[in-house]
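Written out below as structure tokens is the structure these notes cover.
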Amino acid sequence: MTSTNVNFLEQSVSKFQSLNTDDRLTVLALLYTEICDEIPALCLNDVTNEKTANLVAQIQNLPQAEQLFALRQLVNQDEVGQTAIPTEEYTSMSADDKLAFWYHLAQNLGTTIIGVPDDYIPSEKATEVIDLLHTPNIEDLVTFFKRVL
């Protein structure tokens, strides 16, 4: 990895981590839906789907308002409190499993998983992160996802 890629990655991770929870979810949703056709070929072939499928199914079985609450909790996995789903299952996943989990969620956004409303306009900070992550190098984007999930 070149120093430019390292700087890009550090800057992207830092800006993402400074976002509020809903902006983080927006960035994940928009980026995953843009690249969902490319991720499986790169890194999901070796991931066991049982772990991710179970957690996705738990979220799908929740009403949409509770789905959003559960996703917020997963993004803020360091926060404690009442949970809509057992977050330990997510926090114990490997980076590849988490990548697969969010990929499977993205495949179902707007159908069985609450989606980003069509008229939703991301905040300026979220747009800045999305713009920064529009890179032709999909491997850099996958590395970013593994660092922030």
Side-chain angles (χ1 to χ4, degrees), residues 5 8-45 47-87 89-91 93-149:
N5 287 345
F8 155 80
L9 183 60
E10 294 305 320
Q11 182 180 15
S12 302
V13 169
S14 175
K15 286 182 182 267
F16 178 84
Q17 290 173 335
S18 72
L19 297 174
N20 69 40
T21 303
D22 288 339
D23 282 345
R24 287 182 188 188
L25 286 172
T26 299
V27 169
L28 290 173
L30 295 176
L31 289 175
Y32 260 93
T33 53
E34 283 182 26
I35 64 159
C36 67
D37 291 338
E38 299 176 52
I39 288 181
L42 286 175
C43 55
L44 298 181
N45 295 332
V47 175
T48 56
N49 289 329
E50 188 176 323
K51 287 181 187 179
T52 59
N54 180 38
L55 193 54
V56 169
Q58 288 180 52
I59 293 172
Q60 287 173 319
N61 289 329
L62 296 171
Q64 285 194 341
E66 289 182 42
Q67 286 179 357
L68 184 56
F69 180 71
L71 294 174
R72 285 176 176 150
Q73 288 178 312
L74 295 180
V75 168
N76 292 319
Q77 49 191 298
D78 56 340
E79 292 183 8
V80 292
Q82 188 175 5
T83 60
I85 57 168
T87 56
E89 192 171 338
Y90 178 78
T91 57
M93 287 181 178
S94 70
D96 286 337
D97 288 341
K98 289 178 181 179
L99 188 66
F101 167 76
W102 288 97
Y103 167 75
H104 292 295
L105 282 178
Q107 286 184 310
N108 295 295
L109 284 178
T111 57
T112 60
I113 300 289
I114 189 169
V116 178
D118 291 337
D119 62 346
Y120 180 77
I121 299 171
S123 72
E124 187 177 319
K125 287 183 177 184
T127 301
E128 185 179 319
V129 174
I130 292 166
D131 289 345
L132 184 62
L133 291 168
H134 278 129
T135 172
N137 187 339
I138 195 73
E139 288 86 5
D140 284 344
L141 195 51
V142 169
T143 301
F144 165 80
F145 282 132
K146 288 182 178 183
R147 291 271 311 270
V148 300
L149 296 176

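Source: prediction; values computed, not measured.
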Worksheet item: Can you list the steps and then say if Trp102 with Leu74 is a side-chain contact (heavy atoms from CB on, under 4.5 Å)?
Response: CA-CA 10 Å; Trp102 288 97; Leu74 295 180; 4.3 Å; yes
Worksheet item: Are any of the side-chain nitrogens in Lys15 or Glu10 under 4.0 Å away from the carboxylate oxygens of its partner?
Response: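 Here Lys15 does not pair with Glu10 in a salt bridge, since their nearest N and O are not under 4.0 Å apart.
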Fill in: Asp23 and Lys125 ion-paired at < 4.0 Å
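Not counted as a salt bridge, because no side-chain N and carboxylate O are separated by less than 4.0 Å.
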Return the [atom1] to [atom2] distance between [X] and [Y], rounded to the nearest 0.5 Å.
X: Thr26; Y: Ile130; atom1: OG1; atom2: CD1; answer: 7.0 Å
X: Leu68; Y: Asp22; atom1: CG; atom2: CG; answer: 6.0 Å
X: Ile114; Y: Gln64; atom1: CD1; atom2: CD; answer: 4.5 Å
X: Thr112; Y: Leu62; atom1: OG1; atom2: CG; answer: 11.5 Å
X: Gln11; Y: Leu133; atom1: CD; atom2: CG; answer: 9.5 Å
X: Leu71; Y: Leu109; atom1: CG; atom2: CG; answer: 8.5 Å

Fill in: From CA spacing to verdict: side-chain contact (heavy atoms from CB on, under 4.5 Å), Ile113, Ile59
CA-CA 7 Å; Ile113 300 289; Ile59 293 172; 3.7 Å; yes
Fill in: Intermediate values then yes/no, side-chain contact (heavy atoms from CB on, under 4.5 Å), Leu31 and Phe145
CA-CA 10 Å; Leu31 289 175; Phe145 282 132; 3.8 Å; yes
Residue pair [X] / [Y]: nearest heavy atoms and the distance that separates them:
X: Ser18; Y: Arg24; result: N-NH2, 4.5 Å
X: Pro122; Y: Leu30; result: CG-CD1, 3.9 Å
X: Arg147; Y: Leu9; result: NH1-CD2, 3.4 Å
X: Leu55; Y: Glu89; result: N-OE2, 4.0 Å

Worksheet item: Does the separation of the ring centres of Phe101 and Tyr90 fall below 6.0 angstrom?
Response: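 Yes, ring centres under 6.0 Å apart.
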Worksheet item: For Thr52 and Asp97, does a side-chain donor sit closer than 3.5 Å to a side-chain acceptor?
Response: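 Side chains of Thr52 and Asp97: no pair found under 3.5 Å.
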Worksheet item: If you measure only the distance, is there a donor-acceptor pair under 3.5 Å linking the side chains of Gln60 and Gln67?
Response: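 Their side chains do not contain a donor-acceptor pair, so the 3.5 Å distance test is not met.
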Discussion item. Walk me through whether Leu99 and Tyr32 qualify under side-chain contact (heavy atoms from CB on, under 4.5 Å).
Written reply: CA-CA 10 Å; Leu99 188 66; Tyr32 260 93; 2.9 Å; yes
Worksheet item: Just wondering, do Leu28 and Val75 contact through their side chains at under 4.5 Å, heavy atoms?
Response: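 Counting from C-beta outward, Val75 and Leu28 do come under 4.5 Å.
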